[in-house]
Protein chains: 2
Amino acid sequence: MSIEIVPAHAPLELERFLPYRLSILSNTVSQAIAAEYQDKFDLSMTEWRVMTILARFPEVSAREVVDRSRMDKVAVSRAVARLVEAGRVDKGIHDDDKRRSVLKLSEAGWAIHDEVAPRARAHERALLAKLDDEETAWLGRILDKLMVG
Amino acid sequence: MSIEIVPAHAPLELERFLPYRLSILSNTVSQAIAAEYQDKFDLSMTEWRVMTILARFPEVSAREVVDRSRMDKVAVSRAVARLVEAGRVDKGIHDDDKRRSVLKLSEAGWAIHDEVAPRARAHERALLAKLDDEETAWLGRILDKLMVG
DNA sequence: TGCAATTGGTTACAAGTGAAACTATAAGTT
DNA sequence: AACTTATAGTTTCACTTGTAACCAATTGCA
């Protein structure tokens, strides 16, 4: 006959706890990528993300950047201000709505983008290199499912 | 005959970019869990993580908390200070090494732990409920592989 | 034993961040 | 048109966070 031992408190095992593992993994990867541009270009992660949005969707407003990036409104405002200040983003005013900004990368902005983007992709490849094709495929599908709802 | 258009800049597609997706997913999940304790117990995420470590490994030093949690030394120091201040952690000094702290949850700390831990686990379950058993198994293995090296 | 190097932990300062208040423009209502 | 409401974006203030400097106890070693 076995005696079942009921633990008094049932602590979480942090290192097996999915949200924690996701957090560690995500931070590790993001910081490795950020290291590619933070020192070299004096660029924050928020600024870099704004730049990637502007690279894909030129001439958008700050609002659209917020919508597309899940970043905070204030964070975007500040990132844009710094990017404009540094001459990396050109900022105009929308013709039909004077509240709206019209943002796009400047030449200098594109130059940075074109240097950083391949390095970012290289990090993604390095990460995926740890997986075989089957695992990579599963990961894609699983993330899709986890991210809905 | 098809004309191949070579994009001038090859921008990242943020929403398919693995590091970005991990970041969004991780933040969404972590914030949902944090919502369980931040307002109710005035507890930061760092403090909660320290508490989970102390729940599993009573009588450890701050150094051990750092080692086990991948958190920053200063962050842990501050979290512990607040937890002690709030009467949730008891802090002693190691017998053989007077630099070392000896930390453990107080009664009040355990009470909070025992209330929050099941809610945290419920979030994990809710997340995994989006996956079937096969996907869950793959996810575990994949995270293991991604997190080594 | 004495002194430099190391380690556990805290403090100080600067930079980053979020919530709320604010400005300016636009849209809707009567 | 006059007035309320909503939206785009910025600023302010309090709080958090990260880096580096720091203090005190311990270890290594000449």
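The sequence lines fix the lettering, A, B, ..., with proteins before strands; numbering per chain opens at 1.
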B/D97 CG to D/dA24 P: how many Å, rounded? 16 Å
Euclidean distance, atom CG of residue B/D95 to atom P of D/dT26 [Å, nearest integer]: 11 Å
If you look at every strand shown and take non-hydrogen atoms under 4.0 Å, does B/D96 touch a base, only sugar-phosphate, or nothing? sugar-phosphate
Is the shortest side-chain N to carboxylate O distance from A/R56 to B/E15 below 4.0 Å? yes
I'd like to know if B/R99 reaches the base of D/dT26 with its side chain such that a donor and an acceptor end up less than 3.5 angstrom apart. no
Does any donor-acceptor pair link the side chain of A/R78 with the base of D/dG9 at a separation under 3.5 Å? no
Salt bridge flag under 4.0 Å for residues B/E115 and B/R119: yes
Considering heavy-atom distances to DNA chain D, does A/K73 or B/R82 have its closest nucleotide positioned more toward the 5' end? A/K73
Select from A/T46 and B/S61 the residue whose nearest nucleotide in DNA chain C is closer to the 5' end of that strand. B/S61
Does any donor atom in the side chain of B/R70 or A/S23 lie under 3.5 Å from an acceptor atom in the other side chain? no
Base, sugar-phosphate, or nothing: which does B/S44 touch, judged by heavy atoms less than 4.0 Å apart? nothing
Could you tell me how far apart B/R49 (CZ) and D/dT17 (C1') are, to the nearest whole angstrom? 15 Å
May I ask you to decide if the ring planes of B/H9 and A/H113 are parallel, tilted or perpendicular, using 30° and 60° as cut-offs? perpendicular
From CD of A/Q31 across to P of D/dG18 the rounded distance in Å is 8 Å
Contact boundaries of DNA chain C with chain A (under 4.0 Å, heavy atoms), 5' to 3'? C/dT17 to C/dA26
Which nucleotide in the set D/dT10, D/dT26, D/dG9 lies at the smallest distance from any side-chain heavy atom of A/V74? D/dT10
Out of B/D90, B/L54, B/T52, which one pairs with B/L105 under the side-chain contact (heavy atoms from CB on, under 4.5 Å) rule? B/L54
Neighbour count >12 (heavy atoms, 6.0 Å) for atom CZ, B/R16: no
Please give, in whole Å, the distance from D/dA6 P to A/K98 NZ? 23 Å
Run the salt-bridge test on A/E135 and B/R141 with the 4.0 Å N-O cut-off and return the result as yes or no. no
